[in-house]
Amino acid sequence: MGTEILCGYTGLDLLRLLFAAMVAILFLQSGLSKVFGWKGEMEWLTGHFANSILKGTVPLLLPVITVIELSAGVCAAIDAIQMLLHHIT
């Protein structure tokens with residue numbers, strides 16, 4: 001449908017690929033930051049929500065948020081790889 005810009009990819013294909021890569025990097029970096037800096041994340045979030053209605057939920061929700069971020073990053077990375085390998089448009 002579109003005009004090829006680079007290696008058989010159209011502008012929209014490249015935009016999709018770059019967006020998937022950006023989302024993968026964003027969520028993987030955030031999730032891995034939480035995994036490797038668990039104590040610091042817990043302390044910061046506990047202090048941040050100390051005066052809110054969410055103050056008691058930080059220990060419960062931090063693992064949930066971490067798993068969701070890592071899952072979203074892995075899914076976006078898989079999507080980007082599939083677009084590269086299979087030229088999905």
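- Considering every non-hydrogen atom in both Leu54 and Thr57, the closest pair reads O-OG1, 2.7 Å.
- Within the 4.5 Å cutoff, no side-chain heavy atoms of Asp79 are placed close to those of Val23.
- To the nearest 0.5 Å, atoms CZ (Arg16) and CG (Leu18) are separated by 12.5 Å.
- Enclosure of atom CG in Leu85 by more than 12 non-hydrogen atoms of other residues, nucleotides or ligands within 6.0 angstrom is indicated.
- Considering CE of Met42 and CG of Leu62, their distance stands at 4.5 Å, rounded to 0.5 Å.
- Contact between Ala76 and Ala20 at its shortest, heavy atoms only, is CB-O, 3.6 Å.
- A pairwise comparison of heavy atoms in Lys34 and Glu69 identifies NZ-OE1, 3.3 Å as the closest pair.
- Here the closest non-hydrogen pair linking Ala24 and Gly73 is CB-O, 3.6 Å.
- A continuous path of ILVMFWY side-chain contacts below 4.5 Å connects Val74 to Phe36, so both sit in one hydrophobic cluster.
- Using a 4.5 Å heavy-atom cutoff, the side chains of Trp38 and Thr66 are in contact.
- How far NE2 of His48 is from NZ of Lys55: 15.0 Å, rounded to the nearest 0.5 Å.
- Side-chain atoms of Ser30 do not come within 3.5 Å of backbone N or O of Leu26 as any donor-acceptor pair.
- Taking CG of Leu61 as the reference point, atom CG of Leu45 lies at 10.0 Å (rounded to 0.5 Å).
- The same ILVMFWY cluster, assembled from side-chain heavy atoms under 4.5 Å apart, contains both Leu28 and Val35.
- Remark: Ile65 CD1 to Leu60 CG distance equals 9.5 Å, nearest 0.5 Å.
- Phe27 and Met22 fall within the same hydrophobic cluster, where Ile, Leu, Val, Met, Phe, Trp and Tyr residues are linked whenever their side-chain heavy atoms come under 4.5 Å apart, directly or through other members.
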